[in-house]
Each structure stands twice: as C-alpha cells, then as structure tokens.
Amino acid sequence: VGKSFFSAARGFSVGSGQPFFGLDTTQAFCFYVGLEGAAELEARFCAAFKGLGVERSQADFVFASGDLDLGDESQLLALADMYKAESNASPHGIIIIDTFSQATPGLEENSATDMAQVVRALTWLATETGTFVLACHHTNKAQATMRGSSALRGNVDTVVTLEKHETSESVTVATDKQRDGAPIKQFSVAIEDVQLRTADGEIGYKGYLKRVETTPKLPKLSPSERGLYQFLMDMPPSDWQRQDRPGQRIGAGTWFVAESDLMAAAIDQGVTGSRGGFTGLISKLVQKNLIRKIDKKIWPVDQSQWGSSDEF
C-alpha cells in the first residue's frame, strides 16, 4: 500500500533537505530507479514536489527508468557507474529501486539462495557508491511480512512496512526491523490530491503522501485506568520489544512490553500503588479492548499511536 508514494517522498525529502514526515534530513543526492509505470511515477513526482512546496530544481533528485536485473553483474556495475556520473561521485546519497520484483527477473523470491544473492548485490551497490539503498517490495498474501524467503528479511538492515488503517483512508508506517539504532515512532500518512497542469494546458489531479493524525477515540476510563494506559503509551523506545516470529496468540511485528517491567515502572512512578492495583487496572484495560495481555506480554491494540517520542 503506497510503496512508491512513500519511497518518492523519502527521495524528495533527502534530495531537498526537507523534513521527512516530521523527521529531520540532511540534503544528499537521490537516484530513483523506476522500473514500472514510468509515466505515472513522473506525474507523482510533480505532485509530491508541489505538495511539499519545493521546486524540483532545488532538489538533488534524478529519475531513471528502464530495465534492471540485480542478478546480472554487468547491469549492477552499470547502475553503480550511472549513479556516480549523475551524482558527480557524491559519497553520500540514496538509491531507490522501485520495485524489488521488477529488479529480480528470473530469480525465485522463495529461494533462500537467490534472495541471499540479491542482498549481497544490494550491499555491494551501497558500499561501492557510499549510499543507502532502498528497495520497494510487496508483502505476502496475509500482509503480515515481506513476500518471499525469510533470508531476504534476515539479511537486510531495515524493514519499514505500510499497512492500510482499519478505520480510515490512512496508512500506518512502522518499523518491522532495525538492525542498528532505535526504530522510528509509528505514524500515519494519507494521499492528498494537488492540482497539476499538463504540457498541453489541461488541468488534472495527482496525489502525494501527507502525514495525518489518527487519534483513536478512547472508551470511558477512570482516572487510574487512563493514567496507566497513558503511562504505557509514553514508555520510551528502549522499554519495548518486537515479536520477531508469529506466535500462537501474538502476531509477528507486534511491539510489546514485559508485564513485570511495566508493573515495576508503574509502581515506581506512582501510577499505581501496588501489585494488586496494577493487575486490576490491566484487567480493566483488557476488558475495554485497549490492550492485550498474553504470556506476560502487554501491548496496545492500536499501535499507530505512541507517546510523544519521535524516536519510536
């Protein structure tokens, strides 16, 4: 959902040095390799630049289209050379490949051997050019994780997912994997149309991604229930853990805190006065469908909203 919109927004933000959905960026060269729907992508780029209020000439952004096979060493070398030529050998930048499936023709996504080969190729490309390489990929049918062999997710450094919000037209952006550093705070985006004029003078509309707030409506809570729920949502990134593999009753990718850690912190901070009081409040929050508690793990039902930390 919205892979190309999101990737383009990231490229424009880096290329122009503008904030990326509220996150600071350092201006660097962006090389966007569009492998499907080149004409449509170009229109989206125009909409995104207009939506951001940035002149395209102000951004270090180059769009290339055509064919690419990451399994072909000669094409990989050519891509690296093209980036160096377009960027004037800039040592820092970003290469966006849209999409991963179009860049791996003839390779089997469910093959650990083939996917490990592709990740090695992308790693070489990043090292050779000194860039961050982003590849847009699809989720599996269950939309639970990325499509293909687990070797793909296991060998990359970062996985960011986009999931359609259940009760609105927005999309939730979340960190599914982060090898180094803290994951970004989940946030929501939605497509907003802007007016464009074509080369022949006709007026049309195209969409770009804009950050939106999706504050859930809470049920009626007592002051103590609200206090503990807010305390949970405001816990710092270091206190959260990620469910890496799907369990019988907890899905892969779910952020949770250990019940013992939450209880100790809540009592220490005076949110609740005793173990019994904590247990009672947790039961009430579970009954009101605000949190889940399974196997001594606790997590909020709505994970699109966290506290005030921009790091999570």
message: Please report the interatomic distance OG(S222) to CG(L281), rounded to the nearest 0.5 Å.
response: 6.5 Å
Closest approach of S170 to A190 (non-hydrogen atoms, all atoms of both residues): CA-CB, 4.2 Å
task: Indicate the ring-plane relationship of F45 and Y32, choosing parallel, tilted or perpendicular according to the 30° and 60° boundaries.
output: perpendicular
message: One pair to check against side chain to side chain contact (heavy atoms under 4.5 Å, CB included): V160 and F6. What are the steps and the verdict?
response: CA-CA 10 Å; V160 174; F6 182 79; 4.2 Å; yes
task: Answer yes or no: is there a side-chain heavy-atom contact under 4.5 Å between T272 and I267?
output: yes
- request: Could you please spell out the steps behind the ring pair (Phe, Tyr, Trp, His ring centres under 6.0 Å) verdict for F63 and F31?
  value: CA-CA 6 Å; F63 170 53; F31 190 57; 9.2 Å; no
Straight-line distance of M235 CE to M233 CE, nearest 0.5 Å: 12.0 Å
message: For F12 and F20: C-alpha separation, side-chain torsions, deciding distance, then whether side chain to side chain contact (heavy atoms under 4.5 Å, CB included) applies.
response: CA-CA 9 Å; F12 301 145; F20 175 61; over 6 Å; no
message: Counting C-beta onward and ignoring hydrogens, is there a side-chain heavy-atom pair between T131 and I94 closer than 4.5 Å?
response: no
query: Distance-only, no hydrogens or angles: does the K3 side chain make a donor-acceptor pair with backbone N or O of A135 under 3.5 Å?
result: no
message: So does L107 get a backbone contact from the side chain of T104, meaning a donor-acceptor N/O pair under 3.5 Å?
response: no
- prompt: So do the side chains of I96 and V33 get within less than 4.5 Å of each other, counting heavy atoms only?
  reply: no
- prompt: Using a distance-only test with no angle check, is there a side-chain donor-acceptor pair under 3.5 angstrom linking T99 and S101?
  reply: yes
task: Spell out, as yes or no, whether a donor-acceptor pair under 3.5 Å connects the side chain of W299 to the backbone of I291.
output: no
query: Is a donor on one side and an acceptor on the other found under 3.5 Å between the side chain of Q27 and the backbone of G15?
result: yes
- prompt: Do D98 and S7 meet the criterion of a side-chain donor-acceptor pair at a distance under 3.5 Å?
  reply: no
field: Flag side-chain contact, heavy atom, 4.5 Å: K177 against T158
entry: no
field: Expected output: side-chain H137 to main-chain R147 donor-acceptor under 3.5 Å
entry: yes
task: With salt bridge (Lys or Arg N to Asp or Glu O under 4.0 Å) as the test, would you mind laying out the steps for E259 and K297 before giving the verdict?
output: CA-CA 5 Å; E259 180 182 17; K297 299 174 181 178; over 6 Å; no
statement: Smallest heavy-atom separation, S74 atom then D72 atom, equals OG-OD1, 2.6 Å
query: Is there side-chain contact between T161 and V159, with heavy atoms separated by less than 4.5 Å?
result: yes
message: For E108, I'd like to know if atom CD has over 12 heavy atoms of other residues, nucleotides or ligands within 6.0 Å.
response: yes
field: L228 side, atom CG; F278 side, atom CZ - distance, nearest 0.5 Å
entry: 6.0 Å
Atom pair CD/CH2 of Q241 and W255 - distance to nearest 0.5 Å: 9.5 Å
- request: Go through the steps to decide whether W124 and V133 satisfy the test side chain to side chain contact (heavy atoms under 4.5 Å, CB included), and finish with yes or no.
  value: CA-CA 10 Å; W124 176 88; V133 177; over 6 Å; no
task: Please check if atom NZ in K210 has more than 12 non-hydrogen atoms from other residues, nucleotides or ligands closer than 6.0 Å.
output: no
Non-hydrogen atoms of L221 and K288 that approach each other most closely: CD2-CD, 3.7 Å
query: Can you tell if the side chain of V286 reaches within under 4.5 Å of the side chain of I298, non-hydrogen atoms only?
result: no
field: side chain to side chain contact (heavy atoms under 4.5 Å, CB included) between E86 and F29, worked out
entry: CA-CA 9 Å; E86 293 286 356; F29 183 79; 3.8 Å; yes
field: Check: Q75 side chain, D69 main-chain N or O, donor-acceptor pair, under 3.5 Å
entry: yes
statement: Value for CG (L122) from CD1 (I97), rounded to nearest 0.5 Å, stands at 5.5 Å
field: N155 side chain vs A151 backbone, donor-acceptor pair below 3.5 Å
entry: yes
Non-hydrogen side-chain atoms of L35 and D67 separated by less than 4.5 Å: no
- prompt: Can you tell me how far the CZ atom of R10 sits from the CG atom of L23, to the nearest 0.5 Å?
  reply: 9.0 Å
statement: Heavy atoms of P105 and A103 approach each other most closely as CD-C, 3.2 Å
- prompt: Take atom NZ in K293; do more than 12 heavy atoms of anything else shown fall under 6.0 Å from it?
  reply: no
message: Using every non-hydrogen atom in the two residues, find where A121 and L70 come nearest and quote the distance to one decimal.
response: CB-O, 3.7 Å
message: I'd like to know if K284 and E225 make a salt bridge, using a cut-off of under 4.0 Å between side-chain N and carboxylate O.
response: no
- prompt: On the ring face of F21, is R211 found with NZ or CZ under 6.0 Å from the centre and within 45° of the axis?
  reply: no
- prompt: Are any non-hydrogen side-chain atoms of T172 and V189 less than 4.5 angstrom apart?
  reply: no
- line: On a heavy-atom basis, the closest approach of E109 and F100 is OE2-CD2, 4.4 Å
